[in-house]
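Numbers restart at 1 for each chain; the letters A, B, ... are given by sequence-line order, proteins then strands. What you see below is based on every heavy atom in this structure, not just the backbone, and it leaves out hydrogens, waters and symmetry mates.
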There are 2 protein chains.
Amino acid sequence: MAGSIWLRRERTGRGPVPEHSRAEITAVAVALADADGLAAVSMRKVAAAIGTGPASLYRYVDNRDELVELMADAVIGEIDLDRPPSDDWLADLVALAHAIRGVYRRHRWLLDVVPGRGLGPNTVDVMERALAAMSVLDVPAATKMETFALLNATVVLLVRTEAAVPDPTGEYARAHVEFLASVAAAGGHPHLAAALADPRPAPDPGEDLVDRVLPRVLAGLLDTTRRTR
Amino acid sequence: MAGSIWLRRERTGRGPVPEHSRAEITAVAVALADADGLAAVSMRKVAAAIGTGPASLYRYVDNRDELVELMADAVIGEIDLDRPPSDDWLADLVALAHAIRGVYRRHRWLLDVVPGRGLGPNTVDVMERALAAMSVLDVPAATKMETFALLNATVVLLVRTEAAVPDPTGEYARAHVEFLASVAAAGGHPHLAAALADPRPAPDPGEDLVDRVLPRVLAGLLDTTRRTR
DNA sequence: CATTTTCTGCGAACGCTGATCGCAGAGGAG
DNA sequence: CTCCTCTGCGATCAGCGTTCGCAGAAAATG
């Protein structure tokens with residue numbers, strides 16, 4: 001009831017044995033979100049999917065936000081942390097970012113989860129890995145925490161931009177360019193008109209956007225104090 | 001009905017004169033969001049605030065998402081674009097980022113608006129300004145568009161991180177550190193434990209996080225092709 | 001001016017949501 | 001063996017976005 005779900009034991013020992021578990025509920029919810037998006041994850045649908053009434057879920061979770069927290073941490077757990085870190089802290093962080101991006105690509109609903117919340121055990125494990133990579137850096141721990149947050153935010157940023165342009169034939173994209181064209185045609189936006197007339201495509205950012213952008217973002221946060229111990 | 005709201009005229013000329021306007025509805029909705037967050041902006045509450053029934057709003061807007069789109073573009077319109085651009089494109093972009101950050105700080109609910117959507121007239125004006133600043137750069141227009149998107153995303157990123165740590169005494173932050181401490185105490189996370197034991201505060205990022213981070217982010221996108229014409 | 005057409009305001013309603021309450025019953029704790 | 005706590009869950013509440021249909025106003029049309 002009080003405090004975060006990660007500090008609450010799943011079972012106190014008293015009373016009858018629960019018929020389900022957080023893990024089962026979380027798996028079902030993740031499957032639902034993978035199929036139909038985060039909005040499709042309603043307490044009722046999840047309950048129906050595990051074969052109980054709509055109210056039973058509240059025996060395992062205080063509210064829907066907690067369920068989402070479980071989901072987010074569960075998919076973060078897909079990240080493989082077995083390979084040991086190298087001696088290149090930046091390369092390790094970039095590799096971590098790639099792994100995180102993989103999670104976002106596999107579970108696009110994760111983009112809709114409000115960040116800042118949710119810091120479950122799997123997320124802490126990833127954080128531990130990031131701190132390990134940065135252990136050679138002689139900066140305050142708070143800065144390393146910020147760096148980790150910035151790394152995550154950057155991955156979200158890049159995944160979002162790559163998800164924003166996928167279907168130029170879609171209904172929304174069509175209305176989008178139509179509006180831009182009408183504004184340009186109305187005059188008063190010379191640079192926009194020129195931009196729309198430029199046929200050159202952007203150089204394919206491809207697979208390496210993380211490699212190109214992330215090091216500079218991290219440098220922006222670390223450069224004033226970067227020192228190798 | 002079809003297409004984006006920006007391509008639909010507010011009034012066709014036929015029929016009785018509407019008692020309200022998009023601008024009035026938008027202003028009321030923004031005030032509601034400023035006071036109680038985006039979730040408090042329900043069609044019913046907005047309708048009640050302007051003194052009509054719950055269904056009347058649909059005469060002005062197709063659905064709630066369109067209303068949010070109006071809101072987002074309206075507050076972007078607060079950005080002052082009167083001052084002419086300088087001859088330093090990067091400084092101009094950074095100044096623009098500061099202005100955008102100001103909007104996000106004044107209307108924190110904007111963080112909850114799903115990005116990628118919404119590209120109203122005010123947003124196009126800001127985009128025109130960004131393109132004007134970048135007119136001296138000899139890169140494809142598509143790259144400039146991406147740069148503008150990345151600029152916006154970076155601002156969101158920075159505002160979010162600065163909003164994530166505001167109140168260490170809050171309920172959520174308390175449970176947060178409590179959980180981290182319990183994980184560290186359980187062992188197995190040496191770097192986390194060391195980080196929690198580090199008393200040094202982060203060097204105050206202060207007002208200049210945008211100035212420090214943004215130029216590097218933009219460089220990450222532009223450096224392969226950056227040339228001044 | 002009269003008619004037609006189109007739009008407005010809005011009460012009522014539908015289906016869905018997250019969440020609460022209370023009750024019957026199961027099963028460890030002492 | 002008794003108690004006390006916990007479980008499943010039907011019933012229920014308040015709120016949500018959205019749709020429908022109708023009465024009536026006003027511009028366009030003849």
Side-chain angles (χ1 to χ4, degrees), chain A residues 1-2 5 8-26 28-29 32-33 35-72 109 112-114 117-118, chain B residues 1-2 5 8-26 28-29 32-33 35-72 109 112-114 117-118:
Chain A
M1 205 155 288
I5 190 173
R8 258 176 3 239
R9 268 193 313 260
E10 183 161 6
R11 183 129 164 60
T12 59
R14 304 280 264 257
V17 194
E19 299 176 6
H20 309 279
S21 68
R22 284 183 189 170
E24 180 193 357
I25 293 172
T26 304
V28 166
L32 259 169
D36 300 319
L38 192 62
V41 179
S42 70
M43 300 300 270
R44 295 170 136 89
K45 283 189 192 148
V46 173
I50 64 172
T52 76
S56 300
L57 285 190
Y58 291 93
R59 295 290 172 194
Y60 300 86
V61 146
D62 268 8
N63 49 49
R64 185 178 182 272
D65 281 353
E66 278 196 355
L67 175 59
V68 174
E69 230 171 305
L70 287 178
M71 294 168 62
W109 50 267
D112 299 330
V113 177
V114 315
R117 312 266 316 172
Chain B
M1 199 157 287
I5 191 173
R8 249 163 26 225
R9 268 193 316 259
E10 183 162 5
R11 184 129 164 59
T12 59
R14 303 278 264 258
V17 193
E19 298 176 5
H20 309 279
S21 67
R22 284 184 189 170
E24 179 194 357
I25 293 173
T26 304
V28 165
L32 260 169
D36 300 321
L38 192 62
V41 179
S42 69
M43 301 299 270
R44 294 171 137 88
K45 282 188 192 151
V46 173
I50 64 171
T52 78
S56 300
L57 285 190
Y58 291 91
R59 295 290 171 193
Y60 301 86
V61 146
D62 268 7
N63 49 48
R64 184 178 182 273
D65 281 352
E66 278 196 357
L67 175 59
V68 174
E69 228 172 306
L70 288 178
M71 294 168 62
W109 51 267
D112 298 330
V113 177
V114 316
R117 313 265 316 171

Can you tell me if B:K45 touches the phosphate of D:dG15, counting only side-chain N or O atoms and a distance under 4.0 Å to OP1 or OP2? no

Quick one: are A:M43 and A:L67 in side-chain contact, heavy atoms under 4.5 Å? yes

On DNA chain C, compare the nucleotides closest to B:Y60 and A:P54; which residue's is nearer the 5' end? B:Y60

Please compare B:G51 and B:R44 by the position of their nearest nucleotide in DNA chain C and report the one closer to 5'. B:G51

Where each residue is assigned the nucleotide of DNA chain D containing its nearest heavy atom, which of B:A40 and A:E10 is assigned the position nearer the 5′ end? A:E10

Between A:V46 and A:L32, is any pair of side-chain heavy atoms under 4.5 Å apart? yes

Against the side chain of B:A55, the closest entry in D:dC9, D:dT19, D:dC16 is D:dT19

First and last nucleotide of DNA chain C touching chain A, 5' to 3', heavy-atom cut-off 4.0 Å? C:dT17 to C:dA29

When all nucleic acid strands are considered with a 4.0 Å heavy-atom cut-off, which category describes B:V61: base, sugar-phosphate, or nothing? nothing

B:R64 side chain reached by B:V41 side chain, heavy atoms, under 4.5 Å: yes

Which atom pairs link the protein and nucleotides 25-30 of chain D when you take only N or O atoms and keep those under 3.5 Å?
none

Answer with base, sugar-phosphate or nothing: what part of the nucleic acid does B:R59 contact at a heavy-atom distance below 4.0 Å? base

Could you tell me the separation between the CZ atom of A:R22 and the CD atom of A:E10, rounded to the nearest 0.5 Å? 5.0 Å

Side-chain heavy atoms of B:L70 within contact of B:I25, under 4.5 Å: no

Looking at A:D62, is its backbone amide N or carbonyl O close enough to the side chain of A:E66 to form a donor-acceptor pair, meaning the two atoms are under 3.5 Å apart? yes

